[in-house]
Enquirer: 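Here you go, one structure.
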Amino acid sequence: EAYVYTGMTTGPYFAPKNIGYATLEEALAKAQEFVDKNVTILKDVTLAETLTIEAGKEIILDLKGNDINVANDQVNFNINGKLTLNDETGEGVFTSRNHFVNAGAEFIVNGGTVQNVATATGGFPITLNGGSVTINGGTVQAVNNANYAIGGNGGTLVINGGTVKGNWGAVNLQSGNATIKDGTLEVTGTTGGHALYVAGNTEVTIEGGEFKPYNGAVASYALVLDEGNPTVNVSGGMFHKVWGCVIVYAGDLSLTGGTFGSNMVITNNDPSESADINTFCAEGFGAKKITDNEWQVLPMQTTQLNAGWNWFSAYVETDLASLQSALVENLECEEEENCNIAIKDHYIGTITYLPQTGSWYGNNLTSFEHEKMYMIQTPTNMNLQIVGEVVNPEEHQITIVQNWNMIGYVLDYGMNLEDALESIEPVNGDYIKSQHGYAEYYEGIGWYGPLTSMEPGHGYKFLSKGSDNRTLKYPTTRS
């Protein structure tokens, strides 16, 4: 016995029975004929000719650590119905010239290895021809030097885990759509392919995963957008750099997340022609250097500072050094002697930047606290941009003491006073002031005055009339 097919013997009222078959061809034929859809491989087998899962039929194929080989390099496996591949051992290998996933078909890989033949023209391990492929685990690998592990000519690809790798490259999509949530896409050979190559009108969403070009002296990249009008939206994932990291020859790349091994995106065949990665960041996002060789795309706080003093607070993760750097980078001022910048903490003191020396002076202010309002003086109008994760308001609660408090606002959206200050249970006479407005609390009436809401990036003065300390907890949901 080479296989076991578990199915009904004749009808729905008979007990299930394990039936052995001598060939995989016969087992698959019977599995499609009867009710049960499970086929288990008991030992290594060889396919002599191309096999097909018919449209409307479903097979669950368990390798059990065994291999499916082919008699020659012209044997294919056609999927017109639904095939699920399992292998808890992770040692089984399913080989054919191409595993074709045709229109209306579905191929789900949960375990085992799917690969092509090793000849120079040995097809794709998975060829997406209008069907649907989902990789949850296991490995898809191209073992020759002429093909990617997955080739797409229409259809849907979803990668939730596992490894997709090939000597030439991992995934090549000419049309269709794809969603990559996790897993590894890796180039393992020296022929110069890419982890993810996208062309045509393909649409790709990347939420996670690792994209690894070949670790050697060849033109191999983590992500390439080429001919046609491909669209790639990235909100996560790690994109490594060896020769290069990302190429955009055509189409649209939009970044709202992800970590990149370079801050430059190549835009022409000549690697010297490139653009800063911030060029491809979506509105409200920017790239932040997190190590010497890594840049992470994160939310970007943009605050308009006017010449003179500004009441400022931050809703993205930052520190004093990052704030200082951002202020200097965004400074546009021609007369050095009149271009000083100052940061003032009402409780501690002031530090000042002098362009003439390129240094900050004053040692009393050494840290930044999101719970506080800071006063920033600039010589000209400035569009201050700070990149970082949006803070969790639960981790930045503010102690309100009797009398005056200089408070920050840690939400990235505006909120009316009633909801923003609800947690302190306002008392009669409480008073809040922004740089351009104010409001006072009257029992039975509520907040009254021209200031009606709190806004991101702004700082506030709060006069507490309560006899005890109170804790301000900004809401975690929008009002």
Enquirer: Please test Gln174 against Asn172 for side-chain hydrogen bond (donor to acceptor under 3.5 Å, both in side chains), starting from the C-alpha separation and ending with a verdict.
Expert: CA-CA 7 Å; Gln174 299 292 323; Asn172 183 317; 2.7 Å; yes
Enquirer: Can you confirm whether Gln304 is buried at CD, in the sense that more than 12 heavy atoms of other residues, nucleotides or ligands lie under 6.0 Å from that atom?
Expert: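 Enclosed.
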Enquirer: Which class fits the ring pair His99 and Phe94: parallel under 30°, tilted 30 to 60°, perpendicular over 60°?
Expert: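 Perpendicular.
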Enquirer: Just by modelled atom types, is the Ala105 backbone N or O under 3.5 Å from a matching donor or acceptor in the Asn102 side chain?
Expert: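 Checking the backbone N and O of Ala105 against the side chain of Asn102, no donor-acceptor pair under 3.5 Å is found.
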Enquirer: Does Asp430 use its side chain to pair, donor to acceptor, with the backbone of Lys465 at less than 3.5 Å?
Expert: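 The answer is yes, because a donor-acceptor pair under 3.5 Å joins these two groups.
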Enquirer: Between the side chain of Thr139 and the main-chain N/O of Gln141, is any donor-acceptor distance below 3.5 Å?
Expert: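 Not a single qualifying donor-acceptor pair exists.
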Enquirer: Mark yes when over 12 heavy atoms from residues, nucleotides or ligands other than Glu283 sit less than 6.0 Å from its CD; otherwise mark no.
Expert: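 12 or below, so no.
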Enquirer: Donor-acceptor check, side chain of Gln397 to backbone of Glu394, threshold 3.5 angstrom: yes or no?
Expert: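 Flag set: sc Gln397 to bb Glu394 pair under 3.5 Å.
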Enquirer: In this structure, are over 12 heavy atoms from other groups packed under 6.0 Å from Phe285 atom CZ?
Expert: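 Yes, the 6.0 Å shell around CZ holds more than 12 heavy atoms from other groups.
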Enquirer: Using the rule given for side-chain contact (heavy atoms from CB on, under 4.5 Å), can you reason through Val297 versus Phe280, listing the C-alpha separation, both sets of side-chain angles and the distance that settles it, and then say yes or no?
Expert: CA-CA 10 Å; Val297 175; Phe280 299 92; over 6 Å; no
Enquirer: Report the distance from atom NE2 of His346 to atom CE of Met406, rounding to the nearest 0.5 Å.
Expert: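 Rounded to the nearest 0.5 Å, the NE2-CE separation comes out at 4.0 Å.
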Enquirer: Distance from Asn160 atom CG to Thr179 atom OG1, nearest 0.5 Å?
Expert: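 Going from the CG atom of Asn160 to the OG1 atom of Thr179 covers 9.0 Å.
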Enquirer: I need the minimum non-hydrogen distance between Ala307 and Pro379, along with the two atoms involved.
Expert: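 Nearest heavy atoms, Ala307 then Pro379: CB-O, 3.7 Å.
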Enquirer: Please check: side-chain N/O of Asn110 versus main-chain N/O of Gly137, any donor-acceptor pairing under 3.5 Å?
Expert: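 Not confirmed, Asn110 side chain does not pair with Gly137 backbone.
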Enquirer: Roughly how far, to the nearest 0.5 Å, is the CG atom of Leu305 from the CG atom of Asn310?
Expert: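 Answer for the CG-CG pair, Asn310 versus Leu305, is 4.5 Å.
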Enquirer: Do Leu223 and Leu253 come within less than 4.5 Å of each other through their side chains, counting heavy atoms only?
Expert: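 With C-beta onward as the side chain, the pair touches.
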Enquirer: For Tyr361, I'd like to know if atom OH has over 12 heavy atoms of other residues, nucleotides or ligands within 6.0 Å.
Expert: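 Check passes, neighbour count above 12.
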Enquirer: Could you go through the ring-ring contact (aromatic ring centres under 6.0 Å, His included) check for Tyr374 and Phe312 one step at a time?
Expert: CA-CA 5 Å; Tyr374 293 83; Phe312 172 82; 7.7 Å; no
Enquirer: Could you check if a side-chain atom of Ile126 sits within less than 4.5 angstrom of a side-chain atom of Ile135, using non-hydrogen atoms only?
Expert: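 Side-chain contact under 4.5 Å: yes.
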Enquirer: Near Gln385 CD, under 6.0 Å, is it more than 12 heavy atoms from other residues, nucleotides or ligands?
Expert: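 Buried by this count: over 12 neighbours within 6.0 Å.
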Enquirer: Please check: side-chain N/O of Ser220 versus main-chain N/O of Pro213, any donor-acceptor pairing under 3.5 Å?
Expert: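 No: the side chain of Ser220 does not pair with the backbone of Pro213.
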Enquirer: So Ile180 and Leu185, do their side chains get closer than 4.5 Å, heavy atoms only?
Expert: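 Side-chain contact under 4.5 Å: yes.
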Enquirer: Ring pair (Phe, Tyr, Trp, His ring centres under 6.0 Å): which pairs involve residues 173-198, sequence neighbours left out?
Expert: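 Checked against ring pair (Phe, Tyr, Trp, His ring centres under 6.0 Å) - neighbours excluded - the pairs reaching residues 173-198 are His194-Tyr221.
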Enquirer: Does the side chain of Leu331 reach to within under 4.5 Å of the side chain of Thr378, using non-hydrogen atoms?
Expert: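 No, their side chains stay 4.5 Å or more apart.
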Enquirer: Mind listing the closest non-hydrogen atom pair of Ala195 and Ala170 along with its distance?
Expert: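 Closest pair (atom of Ala195, atom of Ala170, distance): O-CB, 3.1 Å.
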Enquirer: Are there over 12 heavy-atom neighbours, none belonging to Lys372, within less than 6.0 Å of that residue's NZ?
Expert: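 Yes - once you tally the heavy atoms of other residues, nucleotides and ligands closer than 6.0 Å, there are more than 12.
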Enquirer: Would you indicate whether the side-chain heavy atoms of Thr452 and Asn416 approach each other to under 4.5 Å?
Expert: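 No, every pair of side-chain atoms sits at 4.5 Å or beyond.
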Enquirer: Is Thr380 reaching over with its side chain to a backbone N or O of Glu332, donor-acceptor style, under 3.5 angstrom?
Expert: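 Yes, because the side chain of Thr380 sits within donor-acceptor range (under 3.5 Å) of the backbone of Glu332.
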Enquirer: Ring centroid separation for Tyr409 and Tyr474, is it under 6.0 angstrom?
Expert: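 Centroid separation for Tyr409 and Tyr474: below 6.0 Å.
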Enquirer: Is there a side-chain contact between Trp168 and Asn147, using heavy atoms and a 4.5 Å cut-off?
Expert: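 No. Closest side-chain heavy atoms not under 4.5 Å.
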Enquirer: Does a donor on one side chain and an acceptor on the other come within less than 3.5 Å for Glu88 and Asn86?
Expert: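 Not at all, the side chains of Glu88 and Asn86 share no donor-acceptor pair under 3.5 Å.
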Enquirer: Could you check whether Asn293 and Thr291, counting side-chain N and O atoms only, form a donor-acceptor pair closer than 3.5 Å?
Expert: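 No pair is found: no donor N or O on one side chain lies under 3.5 Å from an acceptor on the other.
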Enquirer: Once you measure the plane-to-plane angle for Trp447 and Tyr441, does it fall in the parallel (<30°), tilted (30-60°) or perpendicular (>60°) bin?
Expert: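 Taking Tyr441 first and then Trp447, their aromatic rings stand perpendicular (interplane angle over 60°).
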Enquirer: Any side-chain heavy atom of Leu472 within less than 4.5 Å of one from Leu421?
Expert: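 Yes; the side chains approach each other to less than 4.5 Å.
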Enquirer: Quick one: OG1 on Thr399 to CG on Asn405, what's the gap to the nearest 0.5 Å?
Expert: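 The distance works out to 9.0 Å.
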Enquirer: Under 3.5 Å, is there a donor-acceptor pair between the side chain of Asn116 and the main chain of Val143?
Expert: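 Yes; judged by distance alone, with no hydrogens or angles, the pair exists.
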Enquirer: Judged by atom type as modelled, is there a donor-acceptor pair below 3.5 Å linking the side chain of Asp87 to the main-chain atoms of Gly65?
Expert: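 At least one qualifying donor-acceptor pair exists.
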Enquirer: So does Glu418 have more than 12 non-hydrogen atoms from other groups sitting under 6.0 Å from CD?
Expert: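 Check passes, neighbour count above 12.
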Enquirer: Could you check if a side-chain atom of Asn403 sits within less than 4.5 angstrom of a side-chain atom of Leu463, using non-hydrogen atoms only?
Expert: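 Yes. Closest side-chain heavy atoms under 4.5 Å.
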Enquirer: Show, in sequence, the C-alpha distance, side-chain angles and deciding distance for Thr318 and His370, and conclude whether the side-chain contact (heavy atoms from CB on, under 4.5 Å) test is met.
Expert: CA-CA 8 Å; Thr318 191; His370 289 78; 4.0 Å; yes
Enquirer: Between Phe239 and Phe211, what is the ring plane arrangement, given parallel below 30°, perpendicular above 60°, and tilted in between?
Expert: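 Rings of Phe239 and Phe211: parallel, under 30°.
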Enquirer: Cut-off 3.5 Å, side chains only: do Thr205 and Glu207 have a donor facing an acceptor?
Expert: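 No, because no side-chain N or O of Thr205 sits under 3.5 Å from a partner of the opposite role on Glu207.
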Enquirer: Out of Glu294, Glu210, Lys212, which residue meets the side-chain hydrogen bond (donor to acceptor under 3.5 Å, both in side chains) rule with His240?
Expert: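 So the option named by the test is Glu210.
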Enquirer: Would you say the side-chain atoms of Asn428 pair up with the backbone N or O of Glu443, donor to acceptor, closer than 3.5 Å?
Expert: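 Judged by distance alone, yes, a pair lies under 3.5 Å.
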Enquirer: When rounded to the nearest 0.5 angstrom, what distance separates CD in Gln377 from CG in Leu327?
Expert: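 Here the rounded value is 11.5 Å.
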Enquirer: Under 3.5 Å, is there a donor on one side chain and an acceptor on the other for Asn167 and Thr188?
Expert: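 Short answer, yes.
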Enquirer: Report, as yes or no, whether the 6.0 Å neighbourhood of atom NZ on Lys433 holds more than 12 heavy atoms from other residues, nucleotides or ligands.
Expert: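 Enclosed.
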Enquirer: Quick check for you: to the nearest 0.5 Å, what is the distance between Ile386 atom CD1 and Glu317 atom CD?
Expert: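 So the CD1 of Ile386 and the CD of Glu317 are separated by 11.5 Å.
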Enquirer: Can Asp276 and Thr279 be counted as having a side-chain donor-acceptor contact under 3.5 angstrom?
Expert: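 No pair is found: no donor N or O on one side chain lies under 3.5 Å from an acceptor on the other.
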Enquirer: Pair Gln115, Thr95 - check side-chain hydrogen bond (donor to acceptor under 3.5 Å, both in side chains), show working.
Expert: CA-CA 5 Å; Gln115 70 178 31; Thr95 302; 3.2 Å; yes
Enquirer: Could you give me the CA-CA distance, side-chain angles and deciding distance for Ile400 and Ile407, then say whether side-chain contact (heavy atoms from CB on, under 4.5 Å) is met?
Expert: CA-CA 9 Å; Ile400 301 296; Ile407 63 173; 3.8 Å; yes
